[in-house]
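Notes follow the structure.
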Amino acid sequence: MRILSGIQPTGAPHLGNYFGMMLPAIELQERGEAFYFIADLHALTTVRNGDALRQYVHELALDFLACGLNPERTAFFRQSEVAEVPLLAWVLSTVTPMGLLERCHSFKDKQAKGLPASHGLFSYPVLMAADILVYDSDVVPVGRDQKQHLEVTRDLAIKFNETFGTVFKLPEPLIREDTAVVPGTDGQKMSKSYGNTIPLFGTEAELRKKIFGIKTDCTPLEEPKPVEGSTLLTLYRLVAGEDRAKEMEESFRQGGTGYGEYKKQLFEAVLDYFEPMRRRREELQKQPGLVEDILRKGTEKAREVAKSVILRVRQAVGI
Ligand code: ADP
Ligand code: TRP
């Protein structure tokens, strides 16, 4: 089984990225041959500063390695290092109906907000389809917000196969229901673009500020607190585990404890959960050249597979 996923280097990864994509991807490494990449080409649709992008890529690579990406087993690389990807994106774009892309949220949302949308943003899902199809991927672990992109990928693969004969495997998304949408500090989906994130490796002061800033209702301290839809409880369940979350839930129902106390418990649980990874990150950071060595090796492995798939594509379309 080949497992593939990508993450954009657009800022510090947060609990949503970790529980929605990074952790499932890390756990899957043992179950097959994994290919994980940093989607720097996709990030170009939003990051407009070369130095900043290079820095984000480096930091994200350290973050992912610290969280448990195993470079001995998994090919870890930069998207832009595999030239077959943009080549395939072009070929796929020639079988992509405009209407299909016009219906995609990433583009529609930006347009609805009246923000300028580039051609790159419009064709974002085609590049993503190329990322997936060029490695003959079987499963793609992602958060729920990427579901539509996976559907586009499958649609394009089917359309291409119908037109030119069977070339592509049809990939399956892997979306874990329990962590498909991790809420942010304002209760909406946690996302870098909403400014509601809790970063994995923020300083203690930063984490404290974010967690104590989580929006809660104004139930008085002594009264029972609503359990349904509570961001605090949802996040606590992720970092503290089911048993401790049950205890907190029970205490919500009983009343007599204020939200400040629950926030303190969540803050401590987040620190504890990421403590080993934080230490590992510090160790990795001390080794100059390590990240680049890992990404170089990963690139070699990725290119090898991409080359063989592109041969099939060239053969089929006549280039
Ligand atoms: P962001 O929305 O913060 O920019 P990305 O688009 O870089 O995040 O997402 C990277 C990965 O993390 C994707 O697989 C995405 O589905 C997942 N992800 C992002 N936010 C969440 C969330 N709040 N809950 C679950 N998964 C998420
Ligand atoms: N669009 C994804 C995101 O924003 C990143 C990504 C790019 C990706 N290419 C991919 C994810 C291929 C999975 C497979 O998170």
Side-chain angles (χ1 to χ4, degrees), residues 2-26 28 34-47 53 56-57 59-60 63-64 67 69 75-80 82 85-86 88-89 92 104-107 109-110 120-121 123-154 156-157 171-200 231 234-235 237-238 302 306:
R2 186 162 294 147
I3 311 139
L4 171 123
S5 197
I7 181 165
Q8 291 193 72
T10 46
H14 50 75
L15 294 186
N17 298 139
Y18 178 79
F19 287 104
M21 181 272 192
M22 295 164 77
L23 180 62
I26 285 163
L28 274 171
F35 283 65
Y36 298 148
F37 64 89
I38 299 186
D40 52 355
L41 293 176
H42 277 112
L44 284 178
T45 60
T46 48
V47 184
L53 184 57
Y56 287 155
V57 170
E59 299 288 330
L60 181 57
D63 295 335
F64 217 151
C67 288
L69 187 146
F76 187 36
F77 55 99
R78 281 187 187 82
Q79 179 187 31
S80 61
V82 183
V85 168
L88 178 58
L92 290 174
C104 285
H105 302 308
S106 47
F107 172 70
D109 294 352
K110 204 148 189 176
L121 187 75
S123 58
Y124 184 112
V126 183
L127 179 59
M128 184 156 160
D131 285 328
I132 297 171
L133 299 176
V134 87
Y135 303 111
D136 273 340
S137 312
D138 297 297
V139 287
V140 184
V142 282
R144 184 168 310 136
D145 57 0
Q146 298 299 315
K147 189 166 180 251
Q148 190 183 40
H149 289 150
L150 265 295
E151 285 161 6
V152 170
T153 302
R154 288 175 61 93
L156 296 185
E172 296 286 343
L174 194 102
I175 301 170
R176 284 218 321 223
E177 273 319 303
D178 53 337
T179 56
V181 185
V182 176
T185 52
D186 58 358
Q188 292 188 75
K189 183 198 106 136
M190 189 179 289
S191 171
K192 277 164 252 161
S193 34
Y194 302 155
N196 63 357
T197 64
I198 299 174
L200 307 187
T231 303
T234 306
L235 295 178
R237 179 167 286 108
L238 293 174

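Please read all numbers here as calculations on a predicted model, not as lab measurements. We count ligands from 1, going down the list as the structure has it; atoms in each ligand are counted the same way. Excluded from the calculations below are hydrogen atoms, water molecules and symmetry mates; all remaining heavy atoms, backbone and side chain alike, are included.
- Of the polar atoms of H149, none of the N or O atoms is found under 3.5 Å from an N or O of ligand 2, judged by distance alone.
- At least one heavy atom of A180 sits less than 4.0 Å from an atom of ligand 1.
- Distances from atom 13 (C) of ligand 1 to the heavy atoms of Q146, H149, Q188 show the closest one on Q146.
- Those atoms of ligand 1 with a heavy atom of G143 less than 4.0 angstrom away are 14 (O), 15 (C), 16 (O), 26 (N).
- The shortest N or O to N or O distance between M190 and ligand 1 is below 3.5 Å.
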>> Apply side-chain hydrogen bond (donor to acceptor under 3.5 Å, both in side chains) to residues D131 and Q79 and explain how you reach the verdict.
In response: CA-CA 8 Å; D131 285 328; Q79 179 187 31; 3.0 Å; yes
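- Nearest to atom 15 (C) of ligand 1 by heavy atom, out of T46, V142, D145, is D145.
- Among protein heavy atoms, atom 5 (C) of ligand 2 sits closest to G6 O, 3.6 Å.
- Between the choices N17, I7, I175, the shortest heavy-atom distance to atom 12 (O) of ligand 1 belongs to N17.
- Contacts between H14 and ligand 1 below 4.0 angstrom, taking non-hydrogen atoms only, involve the side chain exclusively.
- Aromatic ring orientation, Y135 versus F77: perpendicular (interplanar angle above 60°, classes split at 30° and 60°).
- Only side-chain heavy atoms of V140 come within less than 4.0 Å of ligand 2; its backbone N, CA, C and O stay farther off.
- Checked by distance only, ligand 2 and S5 stay at 3.5 Å or farther apart across all their nitrogen or oxygen atoms.
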>> Working note: F76 + F64, criterion ring pair (Phe, Tyr, Trp, His ring centres under 6.0 Å); need CA distance, chi angles, decisive distance, verdict.
In response: CA-CA 10 Å; F76 187 36; F64 217 151; 5.7 Å; yes
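- Counting only heavy atoms of the protein, atom 24 (N) of ligand 1 lies nearest to V182 N, 2.8 Å.
- Ligand 1 places these atoms under 4.0 Å from at least one heavy atom of S191: 1 (P), 2 (O), 3 (O).
- Residue F37 has at least one heavy-atom neighbour below 4.0 Å for each of these atoms of ligand 2: 9 (N), 10 (C), 12 (C).
- The shortest contact between atom 27 (C) of ligand 1 and any protein heavy atom is with G16 O, 3.3 Å.
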